Amino acid sequence: MTTDDRVALTELAGDTRVLASTVGPYLRYGDPVVAACARAGTDYLDLTGEPEFVDLMYARYHRQAVQSGARLVHCCGFDSVPHDLGVLYTVHRLAADGPVRIDGVVRAGGMISGGTLASALGVLSRPAAAARAARQRHQLEPAATGRRVHAGVAAPRRIAGCWVLPLPTIDAQVVARSAAALPEYGPDFRYRHWAGFRQLPVAVGAAAAGLGLLGAALLPPARALLSSRIRPGTGPSADRRERGWFQVRFVAEAGQRQLVTQVSGGDPGYGATAAMFAEAALCLALDPDLPEVRGQLTMAVAMGQRLIDRLVTAGIGFEVVSDSAAT
């Protein structure tokens with residue numbers, strides 16, 4: 001079955017309660033699957049990290065999903081489970097009634113897959129289309145009433161013992177959408193998303209590599225050459241995956257209190273992502289007492305603490321590193 005077979009997709013969506021999609025790049029293959037689930041009232045989740053795709057799916061299918069009862073949950077892998085649920089975990093422990101400021105610092109060791117590279121190059125090669133999709137969504141999506149939510153960007157600096165660079169992935173957008181939907185994030189919430197490096201030369205090299213990747217994505221010959229080196233369907237060896245790891249540290253400030261939390265796990269692109277994706281699917285399918293929400297949703301909004309509990313059981317660490325209120 002291919003994703004352009006509408007009849008087969010309609011039958012598939014109608015025969016199940018939860019459909020988990022891995023058909024990336026999602027911008028190329030994903031729309032018909034989301035459409036089938038939105039029509040059928042079937043819960044849907046995927047592994048996308050493509051902002052343009054997520055915004056287009058909101059514009060096209062959110063309202064239909066609300067009417068049919070479907071829950072459409074994107075980004076259920078390393079993009080963006082640790083970040084979305086890590087901030088939720090942190091906010092719950094702050095229990096603040098004033099402004100909340102959180103910086104998320106991502107560190108990881110692992111090797112990118114061909115499919116992830118293809119998606120990343122696709123995202124970087126379409127800045128104008130992505131901006132149009134974001135504007136289209138903004139015109140349709142209600143803002144948080146009486147509350148301020150901001151996903152900020154700032155200059156490189158040191159946070160939590162690391163040199164940090166702004167990390168322009170979809171994760172900050174997902175966190176901001178959770179904050180806009182959930183009142184426990186407070187009346188004035190800001191989140192900033194960073195890549196962290198222990199040594200300054202490594203940070204400088206990473207910044208140069210990022211600029212190089214952006215340049216390659218914008219030039220079709222360079223994009224084709226890079227894609228030919230790491231093709232979709234290829235990836236690291238089992239030994240490399242076994243050595244993979246990730247750590248996301250959240251530095252939160254609310255009033256005079258500073259709280260530092262952490263989410264950590266194994267290889268981000270494979271083992272940890274597989275656990276996150278599987279547990280999210282099982283959570284939607286099996287867990288009772290999930291929030292009564294419908295439409296396009298984030299993990300924090302659709303599953304919240306239930307999914308955190310599942311992830312902890314699956315070996316993903318959620319912990320408090322330090323708390324100034326406890327000293």
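Since the structure is predicted, the reported quantities are computational estimates derived from the model, not experimental observations. Positions are given from 1, in the same order as the sequence printed here.
Considering only residues two or more places apart in sequence or on other chains, Pro291 meets the side-chain contact (heavy atoms from CB on, under 4.5 Å) condition with Val293. With sequence neighbours excluded, the residues forming a side-chain contact (heavy atoms from CB on, under 4.5 Å) with Ala300 are Asp84, Leu85, Leu88, Ser178, Leu182, Tyr185, Thr298, listed by chain and number.
Using cut-offs of 30° and 60° for the angle between ring planes, the Tyr191 and Phe250 rings count as tilted.
Listed by first and then second residue, the salt bridge (Lys or Arg N to Asp or Glu O under 4.0 Å) pairs involving residues 58-74 are Asp31-Arg60, Asp43-Arg71 (not counting sequence neighbours). Every pair tested for salt bridge (Lys or Arg N to Asp or Glu O under 4.0 Å) that includes a residue from residues 88-100 fails, sequence neighbours excluded, so the list is empty. Identified under the salt bridge (Lys or Arg N to Asp or Glu O under 4.0 Å) test for residues 308-322, with sequence neighbours left out: Glu279-Arg310, Asp287-Arg310. The side-chain hydrogen bond (donor to acceptor under 3.5 Å, both in side chains) pairs that include a residue from residues 144-167 are Arg148-Asp188, where partners are two or more places apart or lie in different chains. Within the structure, every pair that satisfies the ring-ring contact (aromatic ring centres under 6.0 Å, His included) test and touches residues 10-30, not counting sequence neighbours, is listed here: Tyr26-Phe53. Among residues at least two apart or in separate chains, salt bridge (Lys or Arg N to Asp or Glu O under 4.0 Å) pairs with a member in residues 242-256 are Asp239-Arg243. Applying the ring-ring contact (aromatic ring centres under 6.0 Å, His included) test to pairs two or more places apart or on separate chains, none has a residue in residues 291-317.
Smallest separation of non-hydrogen atoms from Thr16 and Val18: OG1-O, 3.2 Å. Between Val174 and Cys75, the shortest heavy-atom distance links the atoms CG2-SG, 4.1 Å. When all heavy atoms are compared, the tightest approach of Gly196 to Arg107 is O-CG, 3.3 Å. Residues Ala176 and Val149 share a closest heavy-atom pair of O-CG1, 3.5 Å. Minimum interatomic distance between Leu290 and Ala302 (heavy atoms only, all atoms of both residues): CB-O, 4.0 Å. For Ala172 against Ala151, the heavy-atom pair with the smallest separation is O-CB, 3.9 Å.
How far CD of Gln64 is from SG of Cys37: 11.0 Å, rounded to the nearest 0.5 Å. Remark: Arg294 CZ to His62 NE2 distance equals 12.5 Å, nearest 0.5 Å. The line from SG of Cys283 to CE of Met276 is 14.5 Å long, rounded to the nearest 0.5 Å. With values rounded to the nearest 0.5 angstrom, Leu12 atom CG is found 8.5 Å from Thr42 atom OG1. Note that CD1 of Ile102 and CZ of Arg190 are 9.0 Å apart. Values are rounded to the nearest 0.5 Å. To the nearest 0.5 Å, the span separating OG1 on Thr22 from CG on Leu47 amounts to 6.5 Å.
Put simply, Leu167 and Val248 are part of the same group of oily side chains (I, L, V, M, F, W, Y) that touch within less than 4.5 Å, one to the next. No path of Ile, Leu, Val, Met, Phe, Trp and Tyr side chains, each step under 4.5 Å between heavy atoms, connects Tyr44 with Val66, placing them in separate hydrophobic clusters. In the hydrophobic clustering of this structure, Val320 groups with Val87; members are Ile, Leu, Val, Met, Phe, Trp, Tyr whose side-chain heavy atoms approach within less than 4.5 Å, directly or through other members.
For the pair Thr90 (side chain) and Thr261 (backbone), a donor-acceptor distance under 3.5 Å is absent. Ser324 contributes no side-chain N or O that, together with a main-chain N or O of Arg257, makes up a donor-acceptor pair within less than 3.5 Å. Under a 3.5 Å cut-off, the side chain of Gln296 and the backbone N or O of Ala65 do not form any donor-acceptor pair. With Ser68 contributing its side chain and Arg39 its backbone, the two residues share no donor-acceptor pair below 3.5 Å.
With respect to the salt-bridge test (charged N to carboxylate O, under 4.0 angstrom), the residues Arg177 and Asp55 qualify.
The closest side-chain heavy-atom distance from Met299 to Val73 is below 4.5 Å. Residues Phe246 and Val263 meet the side-chain proximity criterion, which asks for heavy atoms closer than 4.5 Å. The shortest side-chain heavy-atom distance between Tyr58 and Leu140 falls under the 4.5 Å cut-off. Within the 4.5 Å cutoff, no side-chain heavy atoms of Pro166 are placed close to those of Arg192. Counting only heavy atoms from C-beta outward, the side chains of Arg198 and Cys162 approach each other to under 4.5 Å. Counting only heavy atoms from C-beta outward, the side chains of Met303 and Leu284 approach each other to under 4.5 Å. Annotation: side chain of Ile170 is not in contact with side chain of His74 (no heavy-atom distance under 4.5 Å). The shortest distance between side-chain heavy atoms of Leu27 and Leu56 falls below 4.5 Å.
For the residue pair Thr48/Asp46, the side-chain donor-acceptor check at 3.5 Å is not satisfied.
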Verdict with supporting geometry, Trp245 and Asp267, side-chain contact (heavy atoms from CB on, under 4.5 Å): CA-CA 4 Å; Trp245 60 276; Asp267 183 76; over 6 Å; no
side-chain contact (heavy atoms from CB on, under 4.5 Å) evaluation trace for Val7 with Glu11: CA-CA 6 Å; Val7 173; Glu11 292 177 352; 3.9 Å; yes
Pair Phe78-Asp171, side-chain contact (heavy atoms from CB on, under 4.5 Å): steps then yes or no: CA-CA 9 Å; Phe78 187 66; Asp171 308 303; over 6 Å; no
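Counting Ile, Leu, Val, Met, Phe, Trp and Tyr side chains that sit under 4.5 Å apart, directly or through other members, Phe197 shares a hydrophobic cluster with Leu165, Val202. Leu286 belongs to a hydrophobic cluster with Leu282, counting contacts under 4.5 Å between side-chain heavy atoms of Ile, Leu, Val, Met, Phe, Trp and Tyr, direct or through other members. Cluster partners of Val251, by chain and number: Val105, Ile159, Val164, Trp194, Val260, Val321. The rule joins Ile, Leu, Val, Met, Phe, Trp and Tyr whenever side-chain heavy atoms lie under 4.5 Å apart.
Around NE2 of His92, the count of heavy atoms belonging to other residues, nucleotides or ligands within 6.0 Å exceeds 12.
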